[in-house]
Protein chains: 2
Amino acid sequence: MSLASDQARPGAAEKPTLYKRIRLDIETRILTGEWPPGHRIPFEHQLMARYRCSRMTVNKALSELAQADLIERRRRAGSFVRRPQHLSAVLKISDIRAEITALGRSYGYQLIDCRRRTATAADRARLGVSTAGKVIAIACRHSADNVPFAVEDRLIDLSTVPEAATADFAHEPPGSWLLHHVPWTEAEHTISAVVADDRTAKALDIAVGSPCLVIDRYTWRSARTVTAVRLHYPGETHRLVARFKGG
Amino acid sequence: MSLASDQARPGAAEKPTLYKRIRLDIETRILTGEWPPGHRIPFEHQLMARYRCSRMTVNKALSELAQADLIERRRRAGSFVRRPQHLSAVLKISDIRAEITALGRSYGYQLIDCRRRTATAADRARLGVSTAGKVIAIACRHSADNVPFAVEDRLIDLSTVPEAATADFAHEPPGSWLLHHVPWTEAEHTISAVVADDRTAKALDIAVGSPCLVIDRYTWRSARTVTAVRLHYPGETHRLVARFKGG
DNA sequence: CACGATTATATGTCTAGACATATAAGTCAA
DNA sequence: TTGACTTATATGTCTAGACATATAATCGTG
């Protein structure tokens, strides 16, 4: 209850808005363990009194904490510090070109194969569609500073993205093209490990039998399949980093 | 996964609160592409008129959309549909016991090795600490239906979690113990692929040279290191799935 | 004691205002 | 044309109320 001393500290940073201060105060207490899981947070009217503000203001702070799953709010009972069930991490998977250039390395792209065809049974299974429309199948390679970085094997559903028929995948990687032409998709990623087969090893310039990290991404847009892609990364050099948020 | 939480009534869905309806309306327009990236969303006072409500109500809807990075709000200019920079996926990494039992399989746990020691230089480097306190080093194995599921190699910093000294890791996996005794940590995960060495292959009952998915997790709690753990999964059978959220 | 009905209360949502503030856009001078 | 100044405006935050609603606690009854 030693809260009343937060007023106008001379060295303190720019005063943020009040609701943000309330939110940060509570968040800090939770994260430091001062308020452990199950602990009941002061009622809204108590926080109103402590911070001398209206209920809407503390409500905004608490609502955001609830949205972030840090607290649980129960009618009539109060708000409680949550115990997280499973730790979840946010994994950022950039466009490969962006990822490489962000590292300050030169990006290289080679189209290995690109063909347009009517979807085979295998294509339909991979895209999760039942009708046999046209698709584009692409194999290509990404490199950083002229060292192979990843090989890509992709299928694009032309019935969802007809514009892709006219795209020039000889010079622009399909991932970048799709990112700029098909916004706001949803995706599911599956990450696994394999050893490089002959073809993959050759494309990545690694030994057959080397470990590879595989990312399968299946992308859709309001219930319509956009693309399915499989990326092979050399597992000894490439790492996926996911950070933050846990319990 | 269910699409919506609509009540039994097929005709008129149980009216959700107004701000949620506004948020869903806008979200739908964005996700279906009716409002593409860069599109300016109606001003708050226009939405007030359209939904016949106060500004605070539309503000709440728009604020949540902004928090979800679906729109960008600019003073004086308005609110705009964002173009996502990189697709980020939420990767849920459960406690292994919970993950296995959730699959309806029987969970098994074998402690391979557990020793308490003063942190060696290697331990300190791995934990990212400079002082040489006590640590616990644990090697153990998780199995599902008596088939090896993952091997774990963990270091716990006893200066952060002194209670761990009295925990019985012979019967309780350290991950579960920590989950229940050290709430609200933060973590960083690194995912990579390797081929199984002799020791790992034996523990997982796979062939030497088989692919393995490796997860390194480094966990801390308000600037204090809690634990560092490395998990090896047989790469051919185990998959990490990350879903949702993209562009 | 068990169990259903009642009540008290904390949260959930909403209103009709208010002032603050960043900034796009327009204005004017050099 | 350019740069500095002004203005209009959309968002950001906040208030002091209101009623709705779920539910923990209490009370009453069998």
Side-chain angles (χ1 to χ4, degrees), chain A residues 3 6-8 12-27 29-30 35 37-82, chain B residues 4-9 12-27 29-30 35 37-82:
Chain A
L3 236 198
D6 302 289
Q7 299 291 51
E14 270 321 313
K15 181 176 85 175
T17 58
L18 180 52
Y19 92 87
K20 282 181 182 164
R21 231 187 68 214
I22 300 174
R23 173 158 61 70
L24 187 64
D25 275 3
I26 297 172
E27 192 177 319
R29 282 180 160 79
I30 294 174
W35 287 350
H39 180 269
R40 212 203 59 231
I41 283 166
F43 297 128
E44 292 187 349
H45 69 88
Q46 294 177 301
L47 293 170
M48 284 171 67
R50 175 173 309 181
Y51 290 96
R52 302 167 180 285
C53 64
S54 79
R55 209 187 119 216
M56 278 301 284
T57 301
V58 306
N59 185 282
K60 181 160 186 171
L62 293 177
S63 294
E64 290 194 3
L65 288 169
Q67 221 181 307
D69 260 350
L70 223 69
I71 67 172
E72 184 188 351
R73 314 201 70 196
R74 292 207 299 272
R75 277 183 141 108
R76 161 73 210 239
S79 302
F80 301 83
V81 178
R82 272 183 69 96
Chain B
S5 48
D6 286 0
Q7 295 298 78
R9 296 278 302 158
E14 206 49 58
K15 184 175 81 175
T17 58
L18 181 50
Y19 91 88
K20 282 179 181 165
R21 229 186 70 213
I22 300 174
R23 172 158 63 69
L24 187 64
D25 275 5
I26 297 172
E27 192 177 320
R29 282 180 161 81
I30 294 174
W35 288 349
H39 177 89
R40 213 204 59 232
I41 283 166
F43 297 128
E44 291 188 350
H45 74 264
Q46 294 178 299
L47 292 170
M48 282 171 68
R50 171 174 312 181
Y51 291 97
R52 300 169 179 284
C53 64
S54 78
R55 210 187 120 218
M56 278 301 286
T57 301
V58 306
N59 184 283
K60 180 159 186 170
L62 292 178
S63 294
E64 290 194 3
L65 288 170
Q67 221 181 307
D69 258 351
L70 223 69
I71 67 171
E72 184 188 351
R73 314 201 71 196
R74 291 208 298 272
R75 277 185 140 108
R76 162 73 209 237
S79 302
F80 301 84
V81 179
R82 273 184 67 97

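Chain identifiers are assigned alphabetically (A, B, ...) following the order of the sequence lines, protein sequences preceding nucleic acid strands; residue numbering begins at 1 within each chain. The basis for the numbers below is simple: all heavy atoms, side chains too, and nothing from hydrogens, waters or symmetry mates.
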A.B. asks: Could you check which of D:dA24, D:dA10, D:dC14 has an atom nearest any side-chain atom of A:Ala77?
C.D. replies: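 In terms of side-chain proximity for A:Ala77, the closest of D:dA24, D:dA10, D:dC14 is D:dA24.
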A.B. asks: Considering only C:dT13, D:dA10, D:dT13, which nucleotide approaches the side chain of A:Lys20 most closely?
C.D. replies: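 Of C:dT13, D:dA10, D:dT13, D:dT13 is nearest to the side chain of A:Lys20.
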A.B. asks: By the 4.0 Å heavy-atom rule, please label B:Ser79 as base, sugar-phosphate, or nothing.
C.D. replies: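 Sugar-phosphate: the residue B:Ser79, judged by heavy atoms under 4.0 Å, touches backbone atoms but no base.
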A.B. asks: Passes side-chain contact (heavy atoms from CB on, under 4.5 Å), B:Leu65 versus B:Ile41? Steps please.
C.D. replies: CA-CA 11 Å; B:Leu65 288 170; B:Ile41 283 166; 5.6 Å; no
A.B. asks: Can you tell me how far C1' of D:dA24 sits from CD of A:Glu72, to the nearest Å?
C.D. replies: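 Going from A:Glu72 (CD) to D:dA24 (C1'), I get 15 Å.
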A.B. asks: In whole angstrom, what separates A:Leu18's CG from D:dA16's P?
C.D. replies: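 Rounded to the whole Å, the gap is 12 Å.
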A.B. asks: What is the separation between atom CZ on A:Arg21 and atom C1' on D:dT13, rounded to the nearest whole Å?
C.D. replies: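 It is 14 Å, rounded to the nearest whole Å.
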A.B. asks: Would you please confirm or rule out a distance under 4.0 Å between OP1 or OP2 of C:dT13 and any side-chain N or O of B:Thr57?
C.D. replies: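 Checking B:Thr57 against C:dT13: no side-chain N or O falls below 4.0 Å of OP1 or OP2.
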A.B. asks: What is the distance from CE of A:Met56 to P of D:dC19, rounded to the nearest Å?
C.D. replies: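 Going from CE in A:Met56 over to P in D:dC19 covers 17 Å.
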A.B. asks: Whether the side chain of A:Arg55 and the base of C:dG12 hold a donor-acceptor pair under 3.5 Å is what I'd like checked.
C.D. replies: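 Yes.
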A.B. asks: Using atom OH of B:Tyr51 as one end and atom C1' of C:dC14 as the other, report the distance to the nearest whole Å.
C.D. replies: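 The distance from OH of B:Tyr51 to C1' of C:dC14 comes to 16 Å, rounded to the nearest Å.
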A.B. asks: If I take atom CD from residue A:Glu27 and atom CD1 from residue A:Ile71, how far apart are they, to the nearest 0.5 angstrom?
C.D. replies: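 Going from the CD atom of A:Glu27 to the CD1 atom of A:Ile71 covers 10.5 Å.
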A.B. asks: Select from B:Ser63 and A:Ser54 the residue whose nearest nucleotide in DNA chain D is closer to the 5' end of that strand.
C.D. replies: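 Counting from the 5' end, the first nearest nucleotide belongs to B:Ser63.
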A.B. asks: Given C:dA10, D:dA22, C:dT13, which nucleotide is nearest the side-chain atoms of A:Arg75?
C.D. replies: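 Selected nucleotide (nearest to the side chain): D:dA22.
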A.B. asks: Could you go step by step and tell me if B:Lys20 and B:Leu24 meet the side-chain contact (heavy atoms from CB on, under 4.5 Å) rule?
C.D. replies: CA-CA 6 Å; B:Lys20 282 179 181 165; B:Leu24 187 64; over 6 Å; no
A.B. asks: Considering only C:dA10, C:dT11, C:dC14, which nucleotide approaches the side chain of A:Glu44 most closely?
C.D. replies: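 Among the listed nucleotides, the one closest to the side chain of A:Glu44 is C:dT11.
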A.B. asks: So A:Leu47 and A:Ile26, side-chain contact (heavy atoms from CB on, under 4.5 Å) or not? Walk me through it.
C.D. replies: CA-CA 11 Å; A:Leu47 293 170; A:Ile26 297 172; 4.2 Å; yes
A.B. asks: Please state how far atom CG in A:Asn59 lies from atom P in D:dA16, giving the value in whole angstrom units.
C.D. replies: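 Whole-Å distance recorded here is 16 Å.
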A.B. asks: Starting the side chain at C-beta, find the nucleotide from D:dT13, D:dA10, C:dT11 nearest to A:Arg73.
C.D. replies: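 The answer is C:dT11, which lies nearest to the side chain.
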A.B. asks: Could you give the CG-to-P distance, from A:Leu65 to C:dT11, as a whole number of Å?
C.D. replies: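 Result: 13 Å.
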A.B. asks: Consider the side chain of A:Arg76, meaning its heavy atoms from C-beta on, and name the nucleotide among C:dT13, C:dT9, D:dG12 that approaches it most closely.
C.D. replies: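 Selected nucleotide (nearest to the side chain): C:dT9.
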A.B. asks: D:dT13 phosphate, OP1 or OP2: any side-chain N/O from A:Lys60 under 4.0 angstrom?
C.D. replies: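 Yes, A:Lys60 has a side-chain N/O under 4.0 Å of OP1/OP2 on D:dT13.
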A.B. asks: Using a heavy-atom cut-off of 4.0 Å across all strands, would you classify A:Leu62 as base, sugar-phosphate, or nothing?
C.D. replies: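 Since no nucleic acid heavy atom lies under 4.0 Å of A:Leu62, the category is nothing.
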A.B. asks: Stepwise, does the side-chain contact (heavy atoms from CB on, under 4.5 Å) test hold for A:Tyr51 with A:Leu18?
C.D. replies: CA-CA 8 Å; A:Tyr51 290 96; A:Leu18 180 52; 4.2 Å; yes
A.B. asks: Roughly how many Å is it from CZ in A:Arg74 to P in D:dA24, rounded to a whole number?
C.D. replies: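 Spelled out: CZ on A:Arg74 to P on D:dA24 is 7 Å.
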